[in-house]
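As a basis for the values below, the full set of heavy atoms in this structure was taken, side chains included, without hydrogen atoms, waters or symmetry mates.
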Amino acid sequence: MNYLAHIYLSGDNDLVTVGNFIADGIKGKDYKKFPKDIQVGILLHRNIDTYTDAHKTVRLSTKRLHENYGHYSGVIVDILYDHFLAKNWSKYSDTPLGGYVDTFYDSLEEHYNVLPARIQKMMPYMMSDNWLLNYASIEGISKVLDGMNRRTKNRSGMDKAVHELEVFYKEFEAEFSSFFDELIAFSKEKLNELNETIL
């Protein structure tokens with residue numbers, strides 16, 4: 001899953017959410033250097049990724065992209081699923097997406113000192129272009145995919161994947177909806193488990 005889903009699946013604890021958000025930049029056992037709640041978020045993120053990558057419904061989505069995008073298919077599906085979460089946000093939260101995102105940005109600024117340098121550098125761009133809110137539109141997703149393609153020095157061709165999104169929109173949305181309900185249940189269970197086992 002991509003940023004918005006990871007943030008949402010963290011629950012109401014700001015530090016767990018921050019940990020989940022920064023997890024990709026924390027390698028191996030380095031998570032142990034952080035306070036407990038951030039550790040929980042980092043490990044939750046890793047568990048979500050493992051669960052997602054192995055899930056049969058997600059694999060249907062990635063298979064549809066594999067011929068054109070190879071091993072980048074999973075990254076693209078993560079981004080497309082964030083689009084469907086943002087688009088259908090009111091189904092999952094009583095807080096409007098704009099307000100939810102603003103609260104998250106405030107939390108990032110409050111906990112700026114614990115963020116890895118890479119995240120600190122990315123934050124101004126993320127906030128000024130409001131990535132999380134813009135996931136709700138196809139235009140916003142197109143910009144994200146274009147940026148991801150540039151990061152691969154145009155090798156991935158991910159910028160073209162908006163075409164598959166438009167052609168197979170109903171299929172991707174149905175797969176997301178089916179999968180995300182299961183992921184929510186998995187994440188709640190895993191979050192409780194981590195809170196009890198990490199000292």
Side-chain angles (χ1 to χ4, degrees), residues 1-53 74-75 77-86 88-90 92-136 140-141 143-144 147-148 151 176 179-180 183-199:
M1 303 305 290
N2 206 48
Y3 292 131
L4 184 60
H6 276 293
I7 293 162
Y8 173 78
L9 293 166
S10 299
D12 299 326
N13 184 314
D14 283 356
L15 285 176
V16 172
T17 305
V18 168
N20 198 334
F21 177 68
I22 68 173
D24 280 335
I26 310 301
K27 303 306 178 189
K29 294 185 178 180
D30 285 352
Y31 75 91
K32 293 184 177 181
K33 300 174 182 175
F34 291 90
K36 176 193 169 176
D37 288 342
I38 292 182
Q39 290 186 38
V40 168
I42 293 167
L43 294 178
L44 177 63
H45 181 112
R46 294 177 182 179
N47 278 277
I48 288 170
D49 281 356
T50 300
Y51 179 84
T52 299
D53 290 346
V75 177
V77 168
D78 285 347
I79 293 166
L80 300 189
Y81 279 13
D82 254 17
H83 164 65
F84 292 113
L85 174 56
N88 298 296
W89 183 257
S90 61
Y92 301 103
S93 176
D94 294 330
T95 304
L97 181 58
Y100 183 90
V101 166
D102 285 345
T103 299
F104 171 68
Y105 292 152
D106 289 345
S107 177
L108 281 188
E109 290 183 322
E110 183 181 345
H111 302 293
Y112 184 84
N113 289 338
V114 301
L115 304 178
R118 182 179 68 87
I119 300 292
Q120 290 178 347
K121 288 178 184 175
M122 180 184 79
M123 259 179 64
Y125 303 101
M126 182 181 197
M127 294 167 71
S128 64
D129 293 338
N130 210 344
W131 294 357
L132 299 177
L133 188 63
N134 286 327
Y135 285 157
I141 289 298
K143 287 179 180 176
V144 173
M148 295 294 288
R151 271 187 242 170
F176 163 77
F179 165 68
F180 201 63
L183 182 60
I184 289 170
F186 169 83
S187 299
K188 285 180 179 175
E189 184 179 330
K190 186 57 65 174
L191 187 55
N192 289 334
E193 180 187 309
L194 290 167
N195 274 319
E196 289 175 5
T197 55
I198 294 179
L199 300 177

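Contact check for Ile38 versus Ile22: side-chain heavy atoms found under the 4.5 Å cut-off. Side-chain contact between Asp106 and Glu110 is absent, with no heavy atoms from C-beta onward closer than 4.5 Å. Between Leu43 and Tyr31, some side-chain heavy-atom pair lies under the 4.5 Å cut-off. In this structure, the side chains of Trp131 and Val101 stay at 4.5 Å or more apart for every pair of heavy atoms. Annotation: side chain of His83 is not in contact with side chain of Phe176 (no heavy-atom distance under 4.5 Å).
Side chain to side chain, Asp49 and His6 meet the donor-acceptor criterion of an N or O pair below 3.5 Å. Side-chain polar atoms of Asp14 and His111 form no donor-acceptor pair below 3.5 angstrom.
Between Phe180 and Tyr92, a ring centre-to-centre spacing shorter than 6.0 Å is recorded. For Phe21 and Phe104, the ring centers sit closer than 6.0 Å to each other.
Residues Asp82 and Ala5 approach most closely at OD1-N, 3.0 Å, considering heavy atoms. Met123 approaches Leu108 most closely through the heavy-atom pair CG-CD1, 3.9 Å. Smallest separation of non-hydrogen atoms from Tyr105 and Leu132: OH-N, 3.6 Å. Nearest heavy atom pair, residue Gly11 against residue Thr17, reads O-OG1, 3.9 Å. Closest of all the heavy-atom pairs between Asn2 and Asp78 is CB-O, 3.5 Å. Minimum heavy-atom separation, Tyr112 to Gln120: O-NE2, 2.9 Å.
Here Ile26 contributes atom CD1 and Phe34 contributes atom CZ; the two are 3.5 Å apart, rounded to the nearest 0.5 Å. Note that CG of Asp102 is 8.0 Å distant from CG of Leu133, once rounded to the nearest 0.5 Å. Between the CG atom of Leu97 and the CG atom of Asn88 there is a distance of 11.0 Å, given to the nearest 0.5 Å.
More than 12 heavy atoms of other residues, nucleotides or ligands shown are found within 6.0 angstrom of CD on Glu193. Heavy-atom neighbours of Lys36 NZ from other residues, nucleotides or ligands within 6.0 Å: above the threshold of 12.
Listed for the Asn20 side chain is no donor-acceptor partner under 3.5 Å among the backbone atoms of Val16.
Between Ile42 and the choices His45, Gln39, Arg46, the side chain to side chain contact (heavy atoms under 4.5 Å, CB included) rule is met once, by Arg46. For the side chain to side chain contact (heavy atoms under 4.5 Å, CB included) criterion with Lys190, the lone passing option out of Ile48, Leu44, Asn195, Val40 is Leu44.
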Practice prompt. Check step by step if salt bridge (Lys or Arg N to Asp or Glu O under 4.0 Å) holds for Lys33 and Asp30.
Written response: CA-CA 6 Å; Lys33 300 174 182 175; Asp30 285 352; 3.6 Å; yes
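Trp89 is linked by a ring-ring contact (aromatic ring centres under 6.0 Å, His included) to Tyr8, Tyr100, counting only residues two or more places apart in sequence or in another chain.
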